[in-house]
Number of protein chains: 2
Amino acid sequence: MFTQESIRKYFEEKLKREEIKGSPGQLYEPIKYMIDLGGKRLRPVLTLMGYGLFKDDIEKALPQAIAIEFFHNFTLIHDDIMDNAPVRRGKTTVYKKWNSNTAILSGDTLFALAYQYAQKADKDILGKVLDVFSRTAIEVCEGQQMDLEFEDNNNVSVDDYIEMIRLKTAVLFAASLKIGSIIAEAPEKATETLYKFGETIGLGFQLQDDYLDTFGDEKIFGKKTGGDIITNKKTFLYLKALEKAGPETKKELLNYYGSNDFDDGKKIKAVKEIFKKLEVDRDTYNLINKLFDESVAHLEKLEVKAGKKAELKRVAENMIKRDK
Amino acid sequence: MFTQESIRKYFEEKLKREEIKGSPGQLYEPIKYMIDLGGKRLRPVLTLMGYGLFKDDIEKALPQAIAIEFFHNFTLIHDDIMDNAPVRRGKTTVYKKWNSNTAILSGDTLFALAYQYAQKADKDILGKVLDVFSRTAIEVCEGQQMDLEFEDNNNVSVDDYIEMIRLKTAVLFAASLKIGSIIAEAPEKATETLYKFGETIGLGFQLQDDYLDTFGDEKIFGKKTGGDIITNKKTFLYLKALEKAGPETKKELLNYYGSNDFDDGKKIKAVKEIFKKLEVDRDTYNLINKLFDESVAHLEKLEVKAGKKAELKRVAENMIKRDK
């Protein structure tokens, strides 16, 4: 059955059987801990779906699905050090639970393990798979670097932000799908179309993340909203607001984002009011919808079974139009 | 000409022409800085020699030689963070010159760049090259983890130490040679023999490093000796001394290595005297010679031109019997 739920279940079961161990144990425990934290496994599911669009024996793309999930978790381990993040998926982050050195080195090992899986492909397509994998890895690093630089840069534009999330988040969704389709030996045009589809839903996914962090319903969202506002994060909402604001409102917003001394609750309330006044919540909603439509337009071009195409549209819907 | 000097020169010239740049610049500057710091380029020279033993057009192995050098420099960037090392090759380390976050992320990028070069191989051998490359990358991480754990472990044996330097240092020399020979499509037995040769000279190389750090002639060595003693590093010399020492001397040695409060000069002098009294300088020298003989025995088995074999023996001599 070609549904995201059945494929996710399949992936989880297979992942559980992969032994993550070795010597010294201290190197592998944090890796196992991180992988076992779970998550939605969106990226490997996309790899398997990218394969499944063209062929049915999706186990052929399993090594690359694992490679993508390992790579993603490697970036999370290192990002959490850089961001001083104490919590990930409701649990203590690797660098907090162990220490920075362990997190650096376990991350490096996980990156190499990811390649060990990625390279398990037939020789006729191995080069293509690795071209996408390595280029994407570099782009994700570039995106993270942009994100770090934004913290101290007061001239970030909305376009800069979109380029940052494209690199940091969207290209990995794109690569996940493309690699799956390469393993299935899909026509090059189709692999490119899937890449575009993945990139577009990746952008939408991140924008929805930004939106929910501020305007999400806490009961459904499952965690407190307003985190980005408290940490003065330059999200789409904030940058769009700065772009639209008149001099007075702009000054007010810059004032809120220039300090950590405000009362959290009051600051969240005030900034949300500014966002609403400037209608950047609506702008975000509109952009997300536009990206969804674009992603569907890419899908339309694919010459695959209608049922499979419909399922991929459902994936896009779940990723972009989610409320948690 | 098949000499290590001509091959090193060839590699340096080719490396200089590789453009290391991209956006954001802040991500690529530390990478370029690190690569430009230089060093002996031993590993890529071994890759090119591993190829050159069997075929003459060594430019075919250039991408993998660069991959090995990039990988090595990636490990140095991350190791320097973990070791709090302020100086590398006489210059400020990346993490000191920039910061830890930059060093983590530039290192990650360099690791991915290394793979981009490693994967530039004909499809018939690509899988083999990457098998060695990824397995070695993981082993180097395991070696670094062991090294870090040794700091707080008072039960490290000489054998533990040899296994640590095998993983942290020797396997990369081994892989460098093996990958070169794989690119040259050498017989599998020959690639294995070269691996063993590289592993053996790698062990000798590290032991000579330990020896020189304590007993080197500062004028020739080019830097101050005694660094390992001051930082209480559990080297072969120290572990062998602990193994041989009677209860009194052992207590004295443990006392010196249990504190940072001693006068540096006095501590170095006293520990060196203990090492000499126990003849661990001679033990180290003997083990290095034994490893050299072993490496030569591996070489003898290779069916390649006598002149090329002799040059590889010179490499082993320079690496193991060096005085700087």
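This one's a predicted model, so the numbers in the text were calculated from it and none came from an experiment. Per chain, numbering begins at 1; letters A, B, ... match sequence-line order.
- The shortest heavy-atom contact between A:Gln119 and B:Ser134 is OE1-OG, 3.0 Å.
- For a residue to count as touching a neighbouring chain, one of its non-hydrogen atoms must lie under 4.5 Å from one of that chain's; by this rule B:Asp131 touches chain A with backbone and side chain alike.
- The greatest number of non-hydrogen atom pairs below 4.5 Å with chain B, out of A:Ser23, A:Ser106, A:Gly22, is found for A:Ser23.
- For the atom pair OG1 of B:Thr109 and CD of A:Glu142, the computed distance is 7.0 Å after rounding to the nearest 0.5 Å.
- Between B:Phe111 and A:Phe111, the ring planes are perpendicular. Angles over 60° get that label, and only those under 30° would be called parallel.
- Rounding to the nearest 0.5 Å places CD1 of B:Ile81 at 8.0 Å from CG of A:Asn101.
- Shown here is A:Lys55, whose NZ atom has more than 12 heavy atoms of other residues, nucleotides or ligands within 6.0 Å.
- Of all residues spanning residues 143-165 of chain B, those with a heavy atom less than 4.5 Å away from chain A's heavy atoms are B:Gln144, B:Gln145, B:Met146, B:Leu148, B:Glu149, arranged by number.
- Heavy-atom minimum distance, B:Ala112 versus A:Ile138: CB-CG1, 3.6 Å.
- Heavy atoms only, all atoms of each residue included: A:Asp108 and B:Cys141 are closest at CB-SG, 3.9 Å.
- Annotation: side chain of A:His78 is not in contact with side chain of B:Leu105 (no heavy-atom distance under 4.5 Å).
- B:Tyr115 pairs in a ring pair (Phe, Tyr, Trp, His ring centres under 6.0 Å) with only one of the listed residues (A:Phe71, A:Phe133, A:Tyr115), which is A:Tyr115.
- Neither the backbone nor the side chain of A:Leu167 comes within less than 4.5 Å of any heavy atom in chain B.
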